[in-house]
Amino acid sequence: MSVNFQKIEAKFQKKWAEEEIFKAKETKNKPKFYCLEMFPYPSGSGLHMGHAFNYTIGDVYARFKRMNNFNVLYPMGYDSMGLPAENAAIQAGEHPKKYTEKAIKNFILQQKRLGLSYDWDRMLITYEPEYYKWNQFFFLKFFEKGLVQKKLAPSNWCPKCNTVLANEQVHNGKCWRHTDTDVEVKNLEQWFIKTTAYAEELLKDIPSLNWPERIKTMQENWIGKSFGTEIAFEIPSFWDIKEKEFVFLHAFQDNSKSAFWDWLKKQIEARGGTVAFAPDLPNTNEPKIEEQINFVLKNYKFNKNTVLITHSLGGVLAMKLLPKLEEKISCLVMIAPPLKTEFKDNKKRPVLEKYCDWKFDFEKIKSRAGKIIILEDKADHIVPFGHPEEIARNLGAKYILSKGSKTHFNGNVEPEVLNCIFENWPIFTTRPDTIFGVTFMVVSAQHPRLMELVAPGQKQEIGAFLKKIKSTSEKDAFELEKEGAFTGSNAINPLTGEKVPVFAGNFVLADYGSGMVMAVPAHDQRDFEFAKKYNIPIKIVIQPKEENPEVELKEAFTGEGVLVNSKEFSGLGNKEAIEKISSDLGKKGIGKKTVQYKLRDWLVSRQRYWGTPIPIVYCEKCGIVPVPEKQLPILLPEKVKFGIGNPLATNKAFVETKCPKCRGPAQRETDTMDTFFDSSWYFLRYCDNKNQKAPFDLKKIDYWMPVDQYIGGAEHACMHLIYARFFAMALRDCGFLKFGEPFQNLFNQGMLHGEDGFVMSKSRGNVVNPIEMIEKYSADALRFYLVSIASPDKDFSWSSEGMESASKFIKKIVDYFETAKTGKSSAKMESKINKSIKEISLNIEKFEYNVAIIGIRKLFDALSKEESRGTLESFLKIIAPFCPHIAEEFWEKLGNKKMIAVAEWPVADEAKINPKFEEEEKALDKLIEDINNIVKIVKSKGKQPTKVFVYSLPQEKQLLLENIETIKTRTSLETKVFAVNDREKFDPENKAGKAKPMKPAIYLE
RNA sequence: GCGGGGAUCGGAUAGUGGCAAUUCCGCUGCCCUUAGGAGGCAGUGCCUUAGUGGCUACGGGGGUUCGAGUCCUCCUCCCCGCACCA
C-alpha cells in the first residue's frame, strides 16, 4: 500500500489557506501568543536546510500553542534589501528589485510546501516603499530626539562591499560577509545612531531576559562596561599661555562670578595666564544686543592675543560682536551656545526673542577668529540638542560633544570647559593607581586628531609609520607587534608635572575611550612591550610583596601590591589607591570616575544603492535639513546605472532637489541605510502590516507585543538582537511603545552541517535541499527528521540514514492508521497515553523536541490493532505539530469536520495513569529476555526449542494469558501458560517450582 | 587571556540525588517474503548460567551524602563566542 504524500500535502495546504485557519485576529477570548522566527534574507538559491530547520522549530511551537487555545500570531516576511542581493543582481545583469522579487516568490512556494502555518496576510517585504517609508519616518524621529548624528569617525571600510560597515559587522578585523577581506579603517563622515545612549539599559536588562546564557554573555561582553577614571593630560605645545589675554562673556541672567567663571579664572592663572576682561554685562535680565556690544567694545580692546570664552547667550553676543572687529582674535571658545530661541524647556522667553534678530553672518565670524572651539553638553536641558553642533558646522569650528558636571555647564567646576580650552586630552584608565608610573602616552594611529599633535619635525616619521602599518594590516590583529612613532608632542602628568612623550601607536583603539592612553610600562604588558622596543624608561610604582624593586622586570607586573614612588599615595594598597587618587583628581578638577563601554554608536549609512534612502537634504544655506514627514517616502529610484560607486550619487534626478526649508537648490543624501535598520522593527509591523497612516496602530501593538517566543540563529547575538533591543527602547522613549524589551523568550537553534560534518556549501558538495527531501520522502518526514535527531539548540550533521528512518516511521504511522480499528483501549494503553500526553506536552513546551519524538515512538509501539477513538485521536493530535499533513488526513478519516490544526490539545487524565502497568511491562520484558537467553544457551548445546511453557503464580496467570501473543512474537516460540497450581500442566522437568512473584518459571522444548 | 557550553554503549541521543541506559543509526542472528527494496523479532560492556547471579562502567582526581552520571571542588580534553577595550 503506498500513500501519495504529495497529494495529501497539497490537499491540506490548500484547505488551510482556504479556510484561513492561521489568520490571526485580535480577540479577548483567548490569550495571545506571538511566535516569531528571524525573517530570511531571500537569496536567489532558495530555501536551504537551515531555514527549513528554523521554521520547523517555530511551526511546531506555533501549532502546539494554537492547539493549546492560544490566539497565535505567526507571521513571515522578507528582509530583502542589502548588499548580497545588489551584488547578485548586478552579476546576473538584473535589477535588484526584479531579482529579489523572484527570490521571494520562490521562498514563499518552498515555505508553503513545508506546511508552515503562517498567517500569510501579514507578510511584509522590506523593499516595498510601504515598509521603508517607516524606516525613514523612524530615522527622522530619532533625528528629532538627538539619536542621529553625522560625525567624522574612524570607520570600517570593506573594499569588497564598497561601503562602510558598523562595528558589529566586523569580525576579527574582517568583513562579516567576506571572511577573507580585511576591513580598512578610514576617517569618514558618516551617519550614526546613538546606540551608546542606551548602553546602560541594554546591559541592565540582560539578566531579566529568558534567553540562552550564551547569547546573554555575548551581549554583555559586547557592551563591555568597565569602570575607571578619566584623567586630563595637558599637551602644552599648542599654547603659549603667557602671551594670551583671556576674556569671559557670561550667560543670560548670570554674572561674572556665576557658574564656572571663578574656578576657570583660577585655573588660567595657575597656568600663568591672565584674565584681561570678565565684565558683568549690563541689563542681564533684559539684555539688548546693541547695549552689550557697545559696553564690551568700550571697555576692552580686542587683539590678536585675545582668547574669548563665552557661556550660553554670551556666545550669541560674541557672534554678533566679532564681525564688528577689525583685527582677528586668537581664539573663540563658545560653551553651549544657542542658535535660536526655541529652547528645550518650552518656557517662553520673549526677552530673548527681542535680544537680537538671531541671524548670524557665519563667514564674517569665521574670518575674525584664528581658531573656534564649540562645546556642547549632551544632556543640556535648555539649548536644544544639535544647536552648538550646527553653529560649529557653519563656522567650520572644532566641535566637542561632552557632558557637563551640571547640565548646560552650570556647575562651579567644569573640567570639560578647561579641557576644550587648553587642549587637554582626557584619557580613560582602569588603573589610576599607576599614574605615577606613566612614562609615555600613546595615541591611536587612526585617530582623526592625530595630526594636530604632530610637530613639524616629526611629520615625516609619523607619515612613514602610518604608511607602514597600513601595508601590514592584513596580519591578524592579535599577533601584531606593537609599533609606534614619536609625535613630537609631550603631555604633562597632572599629578607629577612630568613631561612625557606622546607616541602614535598601532595598538591603541581610536574609538574606545578618547583614543589615547597613559602608558605605564611597569604595570601593563602592552605598554611594557612598547617601552622595551623603543627604550622608554620603566618606572615601578606598585611593589609586589617581598620582591626587590631593583631587579629588572621581564614582564609587566599587573597584580596587587603597595604603591611606591607615588608621593603622598606611597604605602597605600593599590585598590585603595584607585579610590584615593580618583577622588584627589576629582577635587582638582582634572579627573573623574567614569564608566566606559565597548559598544560603539551604530554606523548606519551605506554607500550602496539597494537600501532605504536616508531622508536628509543638504542645502547650501540651511545646512543639513531633515526631510519633512509629509514628503515621505523618498523613493529609491528604479532607473539607475550600476557601475563604479553608489549609483544614487550619479543619479541627477534623485540628487537634485529643493531645500524643504528655504526652497532653494539642495542635494539629497545619497547614502542608504544599513539593512539592520529594516530588521530592527519588522516584528512591530507584522502586528499591523497594512497600515498606511502609521507604522503601526498602538492598540494592536499593545495586544500582540512583546514577542512571546523568538527563534533564530546565534549569529545575530551582537547584531540584530542588539539593534532591535535598542530600537524598542528608543521607540518607547519617542512615545511609540510601552516596553523596551521586544523579545522575552529567545530560542537559538543549532547549526545544521552537512553529512561530512562541515558547513553545507555548494563548493563542498554536501548541500541537502529541503524541497528534494520533501519530494523524495514527504514534508512530514522531513519535519519529523529535523526535530528528532538532536536537541534543537545543538549543532548537528545531516544524516541520510536518519532521514530514511524518519520516513519509515511516518510510513508506519500511515500504515497503522489505514488498518487500525476503532474500538476499545486497554487500561494499560489508557495509562500509557495519558502519561505520554503529560510528558510530551512538557517536552514541546521546553523545546525538547527530540525527547518528544522519543516519546512518540515509544507510544506508537504500544498501539494495538484496535484502539479507542479517543486514543487514536489523542495520538494524532500529539503528532499534529510535527507531521501536520498526515495528522489532518487521518483526523478527517476519523470523521472530524473541524481541522486538527485547530483542535484542542489533549489533556492528560492523571487518574488513568497507573504505575502498575509499567511494572508489569517490565516483568514481561524480563521474562521474554530470560526465555531468549535460555534459547541461546540451549541452541549452543545443539537443541532446537520450538515451544515455551511459562509457569506463573496463580494470580499472575491472567496477565500472562493476555500477553501470550506478545511472548509468541517476541520469542518466535509456541507459547503455553500455566499457573503453578494447575493440575494438568505440562512440566516434565519440574520447573514450575522456580516461579516467584513477577518472575514466572520457564521450560523449553 | 576572558567568557559560555560540553565529555554517557561502536556513532548520535535521553537520563527528578535512589536498580544506569531511552530512542535512532550501525552491526549480528533469526523469521517473513511476491527474492525487491522493505517489514517483523531478538541480540549488541565483560564474565557466568536452563535464566532469577556477579563484575565493570557515565573524561580524570578529590569531596558532600545512607546513596552521586546528577551537587561541590580541582584537573584534562573538545566545541563556540570575544579579544591590543587601556
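Per chain, numbering begins at 1; letters A, B, ... match sequence-line order. Only heavy atoms go into these numbers, but all of them, side chains included; no hydrogens, no water, no symmetry mates.
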Problem set entry | Atom-pair distance (CD on A:Glu220; P on B:A83), nearest Å | 16 Å

Exercise. Taking the six-membered ring for Trp, are A:Phe440 and A:Tyr534 ring centroids under 6.0 Å apart?
Worked result: no

Exercise. When we call it a touch if two heavy atoms are under 4.0 Å apart, what does A:Pro1000 touch: a base, just sugar-phosphate, or nothing?
Worked result: base

Problem set entry | Of A:Ile1002 and A:Glu213, the one whose closest RNA chain B nucleotide lies more 5' | A:Glu213

For this session: Whole angstrom is fine here: how far is it from CD1 in A:Ile813 over to P in B:C24?
Result: 12 Å

Seminar exercise, completed: Quick note, A:Lys794 side chain, CB onward, closest among B:A14, B:G81, B:A86 is B:A14

Exercise. Where the side chain of A:Asn932 is defined as all heavy atoms beyond and including C-beta, which of B:G5, B:C41, B:A42 is the nearest nucleotide?
Worked result: B:A42

For this session: Kindly point out which of B:A14, B:U22, B:G81 is positioned nearest to the side chain of A:Lys858?
Result: B:U22

For this session: Return the nearest nucleotide to the side chain of A:Ile854; candidates are B:U13, B:A86, B:G81.
Result: B:U13

Exercise. With a non-hydrogen cut-off below 4.0 angstrom, is A:Val520 in contact with a base, only sugar-phosphate, or nothing?
Worked result: nothing

For this session: Let me know, please, whether A:Glu989 or A:Glu929 comes out on the 5' side of the other along RNA chain B by nearest nucleotide.
Result: A:Glu929

Problem set entry | Whole-angstrom distance between B:C75 and B:A20, as gauged at atom P | 31 Å

Exercise. What is the distance from CG of A:Leu599 to C1' of B:C82, rounded to the nearest Å?
Worked result: 14 Å

For this session: Please work out which of the three classes, parallel, tilted or perpendicular, describes the rings of A:Phe978 and A:Phe949, given edges at 30° and 60°.
Result: parallel

Exercise. For the pair made of CG in A:Asp987 and C1' in B:A50, what is the distance, rounded to whole Å?
Worked result: 13 Å

For this session: Could you measure between the two P atoms, the one in B:G62 and the one in B:G67, and give it in whole Å?
Result: 16 Å

Exercise. Can you check whether A:Arg970 has a side-chain N or O nearer than 4.0 Å to OP1 or OP2 of B:A42?
Worked result: yes

Problem set entry | Euclidean distance, A:Ile789 CD1 relative to A:Phe53 CZ, rounded to 0.5 Å | 10.0 Å

Exercise. What's the closest nucleotide to the A:Lys999 side chain, out of B:G4, B:A38, B:U52?
Worked result: B:U52

Problem set entry | Interatomic distance at P, B:U28 relative to B:G37, whole Å | 16 Å

Exercise. Between A:Ile934 (CD1) and B:U52 (C1'), how many Å, whole number?
Worked result: 9 Å

Exercise. Are OP1 or OP2 of B:G40 and a side-chain N or O of A:Lys812 less than 4.0 angstrom apart?
Worked result: yes

Exercise. So which nucleotide from B:A86, B:G4, B:U13 ends up closest to the side chain of A:Val508?
Worked result: B:A86

Problem set entry | Interatomic distance, A:Phe233 CZ vs B:A86 C1' [rounded to whole Å] | 12 Å

Problem set entry | A:Arg600 CZ to A:Leu603 CG distance, which is reported to the nearest 0.5 Å | 12.0 Å

Problem set entry | Which nucleotide in B:A86, B:C41, B:C84 has an atom nearest any side-chain atom of A:Phe507 | B:C84

Problem set entry | Pairwise P distance, B:A12 and B:C66 [rounded to whole Å] | 37 Å

Exercise. Base, sugar-phosphate, or nothing for A:Phe796, non-hydrogen atoms under 4.0 angstrom?
Worked result: nothing

Exercise. Do A:Tyr849 and A:Phe847 have their ring centres less than 6.0 Å from each other?
Worked result: yes

Exercise. When you compare B:C46 with B:C78, how far apart are their C1' atoms, in angstrom units rounded to a whole number?
Worked result: 29 Å

Exercise. Under 4.0 angstrom, heavy atoms only, what part of the nucleic acid is A:Ala1001 near: base, sugar-phosphate, or nothing?
Worked result: base

For this session: Report the distance from atom CZ of A:Arg431 to atom CG of A:Asp524, rounding to the nearest 0.5 Å.
Result: 8.5 Å

For this session: Go ahead and name the base partner of B:G39; Watson-Crick or wobble counts if both distances stay under 3.5 Å, otherwise write none.
Result: B:C31

Seminar exercise, completed: With the side chain defined as heavy atoms from C-beta on, A:Lys922 is closest, among B:A14, B:C19, B:G81, to B:C19

Exercise. So does A:Tyr512 get a side-chain nitrogen or oxygen closer than 4.0 Å to the phosphate oxygens (OP1/OP2) of B:A86?
Worked result: yes

Problem set entry | Proximity to the side chain of A:Ile937 - top-ranked nucleotide from B:C84, B:A50, B:G4 | B:A50

For this session: Could you check how far CD of A:Glu168 sits from P of B:C82, rounded to whole Å?
Result: 12 Å

Exercise. Contact class for A:Lys808 vs. all strands (heavy atom < 4.0 Å): base, sugar-phosphate, or nothing?
Worked result: sugar-phosphate

Exercise. Under 4.0 Å between a side-chain N/O of A:Thr971 and OP1 or OP2 of B:A42, yes or no?
Worked result: no

For this session: Using the C1' atom as the reference point in each nucleotide, state the distance between B:U34 and B:G39 in Å, no decimals.
Result: 14 Å

For this session: Can you tell me, in whole Å, how much space there is between the P of B:A57 and that of B:G3?
Result: 34 Å

Exercise. Roughly how far apart, to the nearest Å, are B:A14 and B:G59 at atom P?
Worked result: 15 Å

Exercise. Is A:Asn850 near enough to B:U23 that one of its side-chain N or O atoms lies under 4.0 angstrom from OP1 or OP2?
Worked result: no

Problem set entry | Contact check, side chains of A:Trp176 and A:Glu168, non-hydrogen atoms, under 4.5 Å | no

Exercise. Parallel under 30°, tilted from 30 to 60°, perpendicular over 60°: which one fits the rings of A:Phe860 and A:Tyr816?
Worked result: perpendicular

Problem set entry | A:Lys216 side chain near B:G4 phosphate (N/O to OP1/OP2, under 4.0 Å) | no

For this session: Go through B:A14, B:C84, B:U23 for me and flag the one nearest to the A:Arg857 side chain.
Result: B:U23

Problem set entry | Sugar-phosphate, base or nothing in reach of A:Leu1004, heavy atoms under 4.0 Å | base

Problem set entry | Any A:Lys968 side-chain nitrogen or oxygen under 4.0 Å from OP1 or OP2 of B:A42 | no

